[in-house]
Each structure stands twice: as structure tokens, then as C-alpha cells.
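For clarity, every value in this text was computed on a predicted model and none was experimentally measured.
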Number of protein chains: 2
Amino acid sequence: MRKIRKFSAPEPSMRRLPTYLHVLTRLLRENRLYVSCTFIANELYLDPTQVRKDLALTGIVGKPRVGYSVQELIDKIKAFLGWDVQRDAILVGVGNLGTALLGYQRFRLYGLNIVTAFDKDPRRIDKTIFGVDVLSVEKLPNLILRKKIDIGIITVGEEAAQEVADLMVQGFIKGIWNFAPKTLIVPDDVIVENVQLSVSLGVLTSKMKLFETEKDTV
Amino acid sequence: MRKIRKFSAPEPSMRRLPTYLHVLTRLLRENRLYVSCTFIANELYLDPTQVRKDLALTGIVGKPRVGYSVQELIDKIKAFLGWDVQRDAILVGVGNLGTALLGYQRFRLYGLNIVTAFDKDPRRIDKTIFGVDVLSVEKLPNLILRKKIDIGIITVGEEAAQEVADLMVQGFIKGIWNFAPKTLIVPDDVIVENVQLSVSLGVLTSKMKLFETEKDTV
DNA sequence: CTCCAATAGAGAATTAATTCACGAATAATA
DNA sequence: TATTATTCGTGAATTAATTCTCTATTGGAG
Ligand SMILES: NC(=O)c1ccc[n+]([C@@H]2O[C@H](COP(=O)([O-])OP(=O)(O)OC[C@H]3O[C@@H](n4cnc5c(N)ncnc54)[C@H](O)[C@@H]3O)[C@@H](O)[C@H]2O)c1
Ligand SMILES: NC(=O)c1ccc[n+]([C@@H]2O[C@H](COP(=O)([O-])OP(=O)(O)OC[C@H]3O[C@@H](n4cnc5c(N)ncnc54)[C@H](O)[C@@H]3O)[C@@H](O)[C@H]2O)c1
């Protein structure tokens, strides 16, 4: 196997942390000051010890019999996820999915600041969508170098994904958030995170299938 | 911990299967008849043994020195994921994300057939989007019972997600694909799969952060 | 003030997932 | 036809993740 790089935190834990944040922001709205692992675990159907171990990754220290400070926990999780700093991003491919992402304001809470979008379709170029300018993809190399862009979001079709990734790499992007169902080839110092909705659909339908056959055999 | 139900296949494997399918459909387009684990593993930066174990879940049998039949492998994976049967689905919340999902034709390849969409906003109701009728959410309970609907897709805001889920449950839905950042409370026989894009963004940014600090300390 | 119940934290035990190691099969090649 | 390199399949070994167990702390009840 060729695991590109070894990151310190277990990935299952990293995947759970954002969901804790959801519960916590709700509690903050309800003006709760403290929360226990048990409470979070019950909300999310998880094991309290698992929650505690995950939270420990962020460096938080709790009080016995009380739990953790909700506000402090939010701050610590955000810091751990790298959501305490704003990162400038560009998005390439202003189609159905790209447009939806541009309109999703919540990403700002996670430090994601989409400064410009690109497309190659003349009908989409030189418009403004949800306050973000859409430029011709030809202007990408120039802009990405001029402004300091951390993250590139790929929402073009799979056939164009690699060429878009290449442009981003040339612009010294640090991370790529890839929604196209395509394995990208990038240098070792560029971090790629693939989002594949089909994975999630597969988990759902295969569970449904297993459940159905399970019932039949009982 | 309270794990609702125990499913036979390891979830990490289930999550990898759809990505294999991607490589395989490309190979099919290129008219390749056979493929080895080694090849798939190289494409996806995985370990060949891991790929072999995953594929074994589907019941496929390979030929030494040759590999697996591409077509047969595709069929077996699809069957395992429950993508060999069409499932009727409804989508509730025709906003930015809901619209994008309605326009994504590839889901049909995975057996997902979105027959009707619902919203509560009068401006969206009684229109047709990507060939799918959008009805008032009031008509949901009636329609869901009349037609046999397997899957409910939730793309409303988090504040409305639970009430929409309740409507679906009353309509005897079997599975819910939930895009709202909210833990849904449903009976044991309804399978919920949550999609949270923030999870994926968190993995990306935390890796970027760790990578940056790693470089600093070298 | 004392006891009780709830909780954090840390290490051990268990379970799950991945990786390794090796034998058997087989197509290509000499 | 014999040899070789490749690959599958499987059981063992290793590593990662989860769950259990126990101790210490502390706020609140009596
Ligand atoms: N829509 C969904 O719900 C959905 C779900 C899962 C995955 N995806 C994936 O997301 C990607 C986008 O999907 P979509 O439905 O938005 O597709 P889309 O066709 O609506 O949008 C693609 C956009 O990319 C632009 N584009 C194509 N090539 C380009 C290039 N070289 N440079 C710049 N722009 C380019 C097109 O002009 C178009 O505007 C696809 O890879 C798809 O597989 C989409
Ligand atoms: N847009 C994205 O990129 C994105 C990303 C991640 C998560 N999400 C999540 O997906 C969900 C939808 O996001 P969006 O950006 O499409 O929001 P949106 O506001 O564009 O769309 C929500 C739609 O749901 C409808 N709606 C609200 N309450 C309803 C009800 N009770 N019954 C029927 N319809 C109802 C609204 O009329 C609207 O059309 C949200 O929960 C959001 O957190 C969206």
C-alpha cells in the first residue's frame, strides 16, 4: 500500500468531531454552559468513552461531575479542525452542485471563504452568483497566484477534474476538495479530500438490502 | 453504546466499494475484460489485499494470473450495494442542494429513482425541475402511501428535518438519506444515512493544519 | 460536614480492520 | 513441455479503534 502521509489523529475521530460541533452550537443557542460526554453520546447514539477520547484530542480538560464548558469545547474543536482561521478558496465548475455550494453560507462558519468561482461555459461567465464572481477558467492561473488561495473546490465533471486539479497545483494550492468521482493525481504536498455522494447512497441501500434479507430469513 | 443494528459487512469496506465501481466503469468503457486487485489498488492508492478482501464480500471469484471479469465485478458490486434494483424515492426541500440532486442523472445508475419532490415554499410548488414534479409538502402523506416509496431524501434546513422525517416514517418509508445537519429520531426499522459535507471539509482542513504545523517543526 | 451520584481521565482488554505471508492456480514464454 | 511471473484466496500477525474498568474529583443532597 501507498499511504501518502501519516496524520496523527485517527480519521474516525476526525469525522465525528464536526457532528459534536452541531450538538454544541445548539446547546450554546439554548444558553447551556456545560455539557457531559454522556449527553453528547446520547444525542448521537455513540459511546460516552468514545466521545471523551475524541474530545481529548482537542486538548480540552473537563470538570468531573460537570463536564466541559460548551463554549470552550466549541473553540477547541474548531481549532483542532482548522476552522479557527479563514482560508480563501476558489471553486471551479459552477453547475448544479457548484451553485449549491456557493449558496451555502454555513461554510463561512467553518473558515471557508470562497472568493472567486470559475467555469468554461460562456453562459455562466462574468455573472455573480450568491455574491461570488464567476470568471473564465482561463483567468484561474493568474488569479490563484495573485491572491493567496489555500483551497480549491472541484465541481466540474469527472472528465475535466484532473486538468482543473493540475491548474490548481500550478497555482500552489494547499488543499483540494474534490466532488468529482475521479482519483486525482497530485504532488505529495497537496492534500486531497474526495466527496463521493455515491458512497453514502451505497451505505444506505446496502443496509436496506441486508435488512430486508435479514427479515426474510427470520 | 447503543448501536441500533448490526450489519454484516464492515462499513469501511462498504464505503470503498462504490469507488471501485468508478474505476471499473471506466475500464468497461475502455473495453477491458479483466482486471486484477493490484491494478485497482494502484489506481486508488490502496493495498491490493484490502481490495481483494473487499471484493470477496460480493461473492466474486477471480482467476489466478488474470484477475476478475470487469463486467461480472460491476454486477456483483451493484448487487451487493443494492443498486441492481430500482428504488422509488421522494425528495423534500427543493432548495439549492435539493435542486442539484434532482439534476444529477447518475443516481439512476445506482437504482435511485426520484419520482416526486416536495417543498413548502409556494414559489417552488407546482413546477417541474429536471423532469420531476414539485408538490406541496401537504400532499406528501397521501402520495407516499399511494405509491410505494422506499427512500426519502431530506434536503430541508435542520429546523424542519425532524418533522419531514416524521412524515416519511408515517408513510412507511424504509430508508432516509438525510442531508440536514441534524440527528433524526426514527423507529428501529427505518435506516438513516446522514451526509454531512462539513465532515469532509473538517478532514481536509485538519489535515492541512497538521501538515502545516508538521512542516514548521521540521 | 458527610455521603452520594455523576463524571473525567487513563490504562487494560477487547474487537475490528488492515497488512503480511504463503500455497495453489494459470497464462505467457522460452 | 517446463519454467516463470502473476495473481487469487486464506489464515496468521499486526495495527487501529472501540469498549471496559477502575480511580479521583467534585457539586449537590441530606
Ligand atoms: N449534482 C449533484 O448532485 C452531484 C452529486 C454527486 C456528485 N456530483 C459531481 O459533481 C460534479 C459536478 O456535478 P454537476 O451536477 O454540478 O454538473 P454540471 O454539469 O451541472 O456542472 C459542471 C460545470 O462545470 C463546468 N465545467 C466543465 N468543464 C470545465 C472546465 N474544464 N473548466 C471549468 N469549468 C468546467 C461546466 O460548464 C458546468 O457548469 C460532477 O463531477 C458530478 O459527478 C454532482
Ligand atoms: N447547499 C449546500 O451546499 C449544502 C451543503 C451541506 C449541507 N446542506 C444542508 O442541506 C439542507 C438544504 O440546504 P440548501 O442550501 O439547499 O437550503 P435552501 O434553503 O436552499 O433549501 C431548503 C428548501 O427546503 C424548503 N423547506 C423548508 N422547510 C420545509 C418543510 N417543512 N417542508 C418542505 N420544504 C421545506 C425551503 O422552502 C427550501 O426550498 C440544509 O439542511 C443544509 O444544512 C446544504
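- Under the 4.5 Å side-chain criterion, counting only non-hydrogen atoms from C-beta, A:Ile176 is in contact with A:Leu184.
- Residue B:Thr49 is classed as a base contact, given a heavy-atom separation below 4.0 Å to a base.
- Taking the centre of each ring, A:Phe107 and A:Trp83 stay at or above the 6.0 Å mark.
- Note on B:Tyr34: every side-chain N or O is 4.0 Å or more away from OP1 and OP2 of D:dT6.
- In this structure, A:Arg32 forms a cation-pi arrangement with A:Phe39, its terminal cationic atom sitting closer than 6.0 Å to the ring centre and no more than 45° off the ring axis.
- We find that CG of B:Leu57 is positioned 15 Å from P of D:dC8, with the value rounded to whole Å.
- Set against D:dC8, C:dG9, D:dT19, the side chain of B:Arg52 has D:dC8 as its closest nucleotide.
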In 5'-to-3' order, the base (B), backbone-only (S) or no-contact (-) status of each nucleotide in nucleotides 22-30 of chain D, using a 4.0 angstrom heavy-atom cut-off, is ---BBB---

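- Between A:Glu11 atom CD and C:dT18 atom C1' there is a gap of 14 Å when expressed in whole angstrom units.
- Checked against C:dT7, D:dA17, C:dA17, the side chain of B:Pro10 finds its nearest nucleotide in C:dA17.
- Closest approach to the A:Pro12 side chain among D:dC8, D:dT18, C:dG9 is made by D:dT18 (side chain taken as heavy atoms from C-beta onward).
- Annotated stems with DNA chain D as a participant read C:1-30 with D:1-30, given as range with range, by first number; only runs of 3 or more Watson-Crick or G-U pairs under 3.5 Å qualify.
- Here A:Glu158 does not pair with B:Arg26 in a salt bridge; the nearest charged N to carboxylate O distance is not below 4.0 Å.
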Could you go step by step and tell me if A:Arg108 and A:Asn113 meet the side-chain hydrogen bond (donor to acceptor under 3.5 Å, both in side chains) rule? CA-CA 6 Å; A:Arg108 299 202 167 270; A:Asn113 181 35; 2.6 Å; yes

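- The separation between B:Ile60 atom CD1 and D:dG9 atom P is 9 Å, rounded to whole Å.
- In this structure, CG of B:Asp47 is placed 15 Å from C1' of D:dA16, rounded to the nearest angstrom.
- For the side chain to side chain contact (heavy atoms under 4.5 Å, CB included) with A:Ile90, the lone residue among A:Ile114, A:Leu140, A:Ile153 that qualifies is A:Leu140.
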List the steps, then state whether salt bridge (charged side-chain N to carboxylate O under 4.0 Å, His left out) holds for B:Lys182 with B:Glu163. CA-CA 12 Å; B:Lys182 179 92 192 342; B:Glu163 69 187 73; over 6 Å; no

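- Of the charged side-chain nitrogens involved, none lies within less than 4.0 Å of a carboxylate oxygen, so that B:Lys78 and B:Asp84 do not count as a salt-bridged pair.
- We find that NZ of B:Lys53 is positioned 16 Å from P of D:dT15, with the value rounded to whole Å.
- No side-chain donor-acceptor contact under 3.5 Å links A:Gln170 and A:Asp166.
- For the pair B:Gln50 CD and D:dT14 C1', the interatomic distance rounds to 14 Å; values are reported in whole Å.
- Summarising the geometry, the separation between CD on A:Glu72 and C1' on C:dA8 is reported as 14 Å, rounded to the nearest angstrom.
- Across the interface with DNA chain D, nearest-nucleotide mapping of A:Asp54 and B:Gly62 shows B:Gly62 to be the residue nearer the 5′ end.
- Rounded to an integer number of Å, the gap from B:Met14 CE to C:dA16 C1' is 14 Å.
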